[in-house]
Novice: 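Would you mind keeping the following structure in view while I ask a few things?
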Amino acid sequence: MSDTITLPAPADFHVHVRQGAMCELVTPHVAAGGVRTAYVMPNLVPPLTKTEAVLEYKKELERIAPNVEWLMTLYLHPEVTPDEIRKAAKAGVSGVKSYPRGVTTNSSSGIEDYGVYYPVFEAMEEEGMVLNLHGEVPSDDEKNISVLNAEKHFLEHLRKLAADFPNLRIVLEHATTAEAVECVASLGPNVACSITAHHLWLTIDTVAPQPHHFCKPLAKEPRDRKALQGAVRSGNPKFFMGSDSAPHPSASKMPSISEAGELHSCAAGCYTSPYLIPLVATLLESFGALDKLQGFVSDNGRAFYKIPAKAGEEVVIRRPAVAVKVPSKLEGHGNEVVPFWAGRELGWEIVN
Ligand code: NCD
Ligand code: ZN
């Protein structure tokens, strides 16, 4: 493989760019990481449940980073009616993200029953909008459901939705299990799957002792990571990059003690935006899939979403002459974020 690779307009099909001061800090990092098109998550406070709010947010992102194509989503919620879907589609909103209630950051307004949203899914199918699924069911002691098996239990919902809406494009977001990879591969062409950079590297052994590796869904066993790497190596176009880059202030990643002496839990999310394409190239090369890099970061997701790469938006990467390390923190606008892979060396760097 050569020492320089030209990628047609890389696209990140799952990214969190937050709001307020954090948004000012992290939004420019998307382009810096080599991404030209970004599919933005709606789990703000309050969540984006109205077309107007989505458009206002998009304007803000365009102000901060006009060099990125921002693709927007609504947060699935009772306020998202079939009429709202038609309005959103007309306004150019690309998809709707479903968060099961309580499973991750800002998901307390999430859903409990997919059945009640069937009229919404029908409208989305008609309008050509994409349904993005956070694929975990809430924990339930009686049913022995926990963060360890929440994704496997979700797959029955995915199979049912895929069967009931064969013309609705559905993405299982940030898959973490061998079972999810098998399930997506077995379903029809309307179902695809995003894979993060961090899940191609982490397993539960490296998550357990390190809050900066804590994200939802949790990284699972070595066999699961192997299946995710295998999905990328296979070149199957159903699998593409969605970084789930999810910045949190560094203090909220550390367990802290309240004034009353209680321990707070740490926030879920890994932050990869600022060096995403070099990181993904480094990881793919480590498991023999560098020849699938273009498919994974540029072609596959764009084909599924029907968002062709624009000429002139290529990103060139090369092997660095001098070692490049991921910084131990990124600071600005009164915020500090510790990135994933802090202090580790990257095998690739962006040229342009
Ligand atoms: C995300 C966040 O912080 O917004 N966290 C995460 O662990 N992935 C939410 C999400 O995508 O689940
Ligand atoms: Zn996410």
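Counting starts at 1 for both ligands and their atoms, in listed order. Everything numeric in this text was worked out from a predicted model, so none of it was measured.
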Novice: Among all protein non-hydrogen atoms, which one is nearest to atom 10 (C) of ligand 1, and what is the separation to 0.1 Å?
Specialist: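 Its nearest protein heavy-atom neighbour is Thr104 OG1, 3.4 Å.
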Novice: Please determine whether His14 has a backbone or side-chain N, O or S atom lying under 2.8 Å from the Zn ion (ligand 2).
Specialist: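 So His14 counts as coordinating the Zn ion (ligand 2), yes.
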Novice: Is the count of non-hydrogen atoms from other residues, nucleotides or ligands lying under 6.0 Å from Asp141 atom CG greater than 12?
Specialist: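 Result for CG/Asp141: open.
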Novice: Using distance alone, determine whether Ala268 and ligand 1 share an N or O pair under 3.5 Å.
Specialist: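 Among all N and O atoms of Ala268, at least one is under 3.5 Å from an N or O of ligand 1.
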Novice: Counting each atom of ligand 1 from 1 as listed, which ones have a heavy atom of His14 under 4.0 Å away?
Specialist: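 Those qualifying, in numeric order: 11 (O).
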Novice: Looking only at protein heavy atoms, identify the closest one to atom 8 (N) of ligand 1 and say how far it is in Å.
Specialist: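 Of the protein heavy atoms, Asp244 OD2, 2.7 Å lies nearest.
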Novice: Between Ser194 (side chain) and Gly242 (backbone), is there a donor-acceptor pair under 3.5 Å?
Specialist: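 Absent.
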Novice: Only one of His212, Lys253, His248, His29 clears side-chain hydrogen bond (donor to acceptor under 3.5 Å, both in side chains) with Tyr271; which?
Specialist: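 Of the listed options, the one satisfying the test is His29.
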Novice: Got more than 12 heavy atoms from elsewhere within 6.0 Å of CD, Glu52?
Specialist: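 Yes, enclosed.
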Novice: Just give me the atom name: the N, O or S atom of Asp244 closest to the Zn ion (ligand 2).
Specialist: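 This residue's closest N, O or S atom turns out to be OD1.
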Novice: Decide whether an N or O pair under 3.5 Å exists between Lys97 and ligand 1.
Specialist: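 Between Lys97 and ligand 1, no N or O pair is found under 3.5 Å apart.
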Novice: Give yes if a backbone or side-chain nitrogen or oxygen of Arg18 is under 3.5 Å from a nitrogen or oxygen of ligand 1, and no if not.
Specialist: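 There is such a contact, yes.
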Novice: With heavy atoms of Lys216 as the reference, note each atom of ligand 1 found under 4.0 Å away.
Specialist: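 Result: 6 (C), 7 (O), 8 (N), 12 (O).
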Novice: Is His16 close enough that one of its N/O/S atoms sits under 2.8 Å from the Zn ion (ligand 2)?
Specialist: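 His16 does place an N, O or S atom closer than 2.8 Å to the Zn ion (ligand 2).
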Novice: Can you confirm whether or not the ring centre of Tyr39 sits under 6.0 Å from the ring centre of His14?
Specialist: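 No, too far apart.
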Novice: Does ligand 1 have an atom that lies less than 4.0 angstrom from a heavy atom of Glu173?
Specialist: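 Under 4.0 Å: no for Glu173.
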Novice: N/O to N/O below 3.5 Å, does that happen between Cys215 and ligand 1?
Specialist: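 No - when backbone and side-chain N and O of Cys215 are compared with those of ligand 1, no distance drops under 3.5 Å.
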Novice: Is the side chain of Thr73 donor-acceptor paired with the backbone N or O of Lys97 at a distance under 3.5 Å, no angle test?
Specialist: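 Flag not set: sc Thr73 to bb Lys97 has no pair under 3.5 Å.
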Novice: Between Arg18 (side chain) and Leu44 (backbone), is there a donor-acceptor pair under 3.5 Å?
Specialist: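 Flag not set: sc Arg18 to bb Leu44 has no pair under 3.5 Å.
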Novice: Step by step, work out the side-chain contact (heavy atoms from CB on, under 4.5 Å) result for Glu62 and Lys58.
Specialist: CA-CA 6 Å; Glu62 285 172 341; Lys58 184 180 187 192; 3.3 Å; yes
Novice: Verify whether the ring centers belonging to Tyr275 and Trp341 lie closer than 6.0 Å.
Specialist: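 No, too far apart.
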Novice: Going by heavy atoms, is Met41 under 4.0 Å from ligand 1?
Specialist: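 Checking ligand 1 against Met41, which is what was asked, there is no heavy-atom contact under 4.0 Å.
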Novice: Among Lys216, Glu151, Glu136, which residue meets the side-chain hydrogen bond (donor to acceptor under 3.5 Å, both in side chains) test with Thr176?
Specialist: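 Result: among Lys216, Glu151, Glu136, Glu151 is the only option passing the side-chain hydrogen bond (donor to acceptor under 3.5 Å, both in side chains) with Thr176.
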Novice: Please work out whether any backbone atom (N, CA, C, O) or any side-chain heavy atom from C-beta onward of His134 is under 4.0 Å from ligand 1, and answer side chain, backbone, both or neither.
Specialist: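 The part of His134 near ligand 1 is the side chain, not the backbone.
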Novice: Please classify the Asn43 to ligand 1 contact at 4.0 Å (heavy-atom distances, strictly less than): side chain, backbone, both or neither.
Specialist: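 It is the side chain that gets close, since no backbone atom is under 4.0 Å.
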